[in-house]
Amino acid sequence: MKFYAPGKLMISGEYLVLDGAYALSLPSKFGQYLEVSEGEINAKQNIHWESYDHQRKRWFHAAYERNEKTFTCNTSDNASMANTLKNLLEIIVENKPNIFQKHTDYHFKTRLKFDRHWGLGSSSTLISVLADWSGINPYKLLDFSFGGSGYDVAVAQQKTPILYQNVHRKRDIQSVDLRWKFKDKLFFIYQNKKQSSQEQIKKYRTQKRPSLHLINQISQISFDLSNCSRLDEFEELLNQHESIISVLINQAPLAEKFPEFKGSIKSLGAWGGDFFLATGNEEDMEYFRDKGYATVLSFDQLFDPWKSMK
């Protein structure tokens, strides 16, 4: 059995999506595969797990022994990841007691199509493919493992650009047709470091809850961005969004780090890592390459236009 889920990037709504704002998110070309197969018949039931990166190198493996609804990890090269998988397997068995055949070994193999340090959703795509395999609600798996707003899981499940809102676990997910005729002016630059979403969520939660006015402002920007057809309007919306989030989290906009750059710059997701969006021409992107940012992807390199554009 084989399953696939695409990665994602959040274009707008970071942080405030946790408090009910609408976020605009796109599925990437690159995702994660899961293959599940049955193995030998043994007196004890064992679960074997292997994870491979985009270069087909194994970066994680673990072996579990199942006893009714619990799993014991016997072998692993990453205790934290092994414990997360243990929790996920136990949630699955609790909800689907007969999902595993008795006395049969199971082999799970995952393979990423993107660099797992890019922040495109190695966790959310894992949740999505496990949900597809098991038939369990993906948000239930998310709540008992990685946590978060769930927008990334929604993108992985929908496989289209979406506007996403989560208010007390009541989710509004709207597929959108983008009219970005200027997509050739959009570039995505990796900041050479991965940001921990879970740590950033914890930090954000220590702050005072934002006002409803602020939440509505970001929601409106998300809707306006999804309907935008002109680059100058798009850039103005990006700048407004950066200004609002900058004040909210008391952190300088990323553009201040690149004062000579003439286009617009917007952080994507948790500030301080992963990708950011810059507007301009291919020649303009040499500015970032000269500063050591080797991974500069065009819109078409990162997204499937036929899935993202009307």
Where is the tightest heavy-atom contact between [X] and [Y], given as atom of each residue plus distance?
{"X": "Thr110", "Y": "Ser51", "answer": "OG1-OG, 2.9 Å"}
{"X": "Gly148", "Y": "Leu142", "answer": "O-CD2, 4.3 Å"}
{"X": "Gln251", "Y": "Ser246", "answer": "O-OG, 2.6 Å"}
{"X": "Ile218", "Y": "Ile244", "answer": "CD1-CG2, 3.9 Å"}
{"X": "Arg111", "Y": "Asp53", "answer": "CG-O, 4.1 Å"}
{"X": "Glu90", "Y": "Thr70", "answer": "OE2-CA, 3.4 Å"}

Checklist entry - Could you walk me through whether Lys291 and Glu260 pass the side chain to side chain contact (heavy atoms under 4.5 Å, CB included) check? => result CA-CA 12 Å; Lys291 289 185 173 294; Glu260 305 90 355; 4.2 Å; yes
I want to check something: taking the side chain as every heavy atom from C-beta on, are [X] and [Y] in contact at a cut-off of under 4.5 Å?
{"X": "Thr72", "Y": "Asn67", "answer": "no"}
{"X": "Glu14", "Y": "Leu248", "answer": "no"}
{"X": "Leu85", "Y": "Ile47", "answer": "no"}
{"X": "Gln207", "Y": "Asn250", "answer": "no"}
{"X": "Arg66", "Y": "Val93", "answer": "yes"}
{"X": "Glu242", "Y": "Gln240", "answer": "no"}
{"X": "Ser145", "Y": "Asn87", "answer": "no"}
{"X": "Val36", "Y": "His107", "answer": "no"}

Item to check | Tyr139 six-ring face occupied by Arg171 cation (under 6.0 Å, within 45°) | outcome: yes
To the closest 0.5 Å, what do you measure between [atom1] ([X]) and [atom2] ([Y])?
{"X": "Asn83", "Y": "Leu88", "atom1": "CG", "atom2": "CG", "value": "10.0 Å"}
{"X": "Tyr33", "Y": "Lys109", "atom1": "OH", "atom2": "NZ", "value": "14.0 Å"}
{"X": "Leu24", "Y": "Leu9", "atom1": "CG", "atom2": "CG", "value": "11.0 Å"}
{"X": "Ile189", "Y": "Leu277", "atom1": "CD1", "atom2": "CG", "value": "7.5 Å"}
{"X": "Ser25", "Y": "Tyr164", "atom1": "OG", "atom2": "OH", "value": "9.5 Å"}
{"X": "Lys181", "Y": "Leu231", "atom1": "NZ", "atom2": "CG", "value": "13.5 Å"}

Ring geometry between [Y] and [X] (parallel below 30°, tilted from 30 to 60°, perpendicular above 60°):
{"X": "Phe299", "Y": "Phe188", "result": "tilted"}
{"X": "Phe108", "Y": "Trp49", "result": "parallel"}
{"X": "Trp118", "Y": "Tyr190", "result": "tilted"}

Item to check | Evaluation steps, side chain to side chain contact (heavy atoms under 4.5 Å, CB included), between Lys183 and Leu178 | outcome: CA-CA 10 Å; Lys183 65 182 178 68; Leu178 302 179; over 6 Å; no
Item to check | Audit row: Thr125, Lys113, side chain to side chain contact (heavy atoms under 4.5 Å, CB included) steps and yes/no | outcome: CA-CA 11 Å; Thr125 52; Lys113 297 295 288 182; over 6 Å; no
Just by distance, do the side chain of [X] and the backbone of [Y] share a donor-acceptor pair under 3.5 Å?
{"X": "Arg116", "Y": "Ser122", "result": "no"}
{"X": "Lys266", "Y": "Ile11", "result": "yes"}
{"X": "Asn46", "Y": "Asp105", "result": "no"}
{"X": "Lys29", "Y": "Asp300", "result": "yes"}

Result block: side-chain N/O donor-acceptor pairs under 3.5 angstrom for residues 149-158, not counting sequence neighbours:
from	atom 1	to	atom 2	distance (Å)
Ser149	OG	Tyr151	N	3.3
Tyr151	OH	Lys8	NZ	3.3
Gln157	NE2	Ser128	OG	2.7
Gln157	NE2	Asp132	OD1	3.4
Gln158	NE2	Ser175	OG	3.4

Give a yes or no on whether [X] and [Y] share a hydrophobic cluster (residues Ile, Leu, Val, Met, Phe, Trp, Tyr; joining criterion: side-chain heavy atoms under 4.5 Å apart).
{"X": "Leu254", "Y": "Leu297", "answer": "no"}
{"X": "Phe261", "Y": "Leu237", "answer": "no"}
{"X": "Tyr15", "Y": "Leu212", "answer": "no"}
{"X": "Leu89", "Y": "Ile99", "answer": "yes"}
{"X": "Phe114", "Y": "Val296", "answer": "no"}

[X] side chain to [Y] side chain, donor-acceptor N/O pair below 3.5 angstrom:
{"X": "Ser222", "Y": "Ser12", "result": "yes"}
{"X": "Thr279", "Y": "Glu235", "result": "yes"}
{"X": "Gln174", "Y": "Asp172", "result": "yes"}

Item to check | Cationic N near anionic O, under 4.0 Å, Arg230 to Glu236 | outcome: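 A salt bridge is absent here (no side-chain N lies under 4.0 Å from a carboxylate O).
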Next on the checklist: Between Lys262 and Asp284, does any NZ, NE, NH1 or NH2 come within less than 4.0 Å of an OD or OE carboxylate oxygen?
Outcome noted: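 Result for this pair is no, no salt bridge flagged.
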Next on the checklist: Taking ring-ring contact (aromatic ring centres under 6.0 Å, His included) as the cut-off, I'd like each qualifying pair that reaches into residues 223-259, sequence neighbours left out, listed once.
Outcome noted: Tyr22-Phe223, Trp180-Phe234, Phe182-Phe234, Phe258-Phe276, Phe258-Phe288, Phe258-Tyr293
Item to check | Worked verdict on Asp115 versus Phe30 for side chain to side chain contact (heavy atoms under 4.5 Å, CB included) | outcome: CA-CA 9 Å; Asp115 189 322; Phe30 314 108; over 6 Å; no
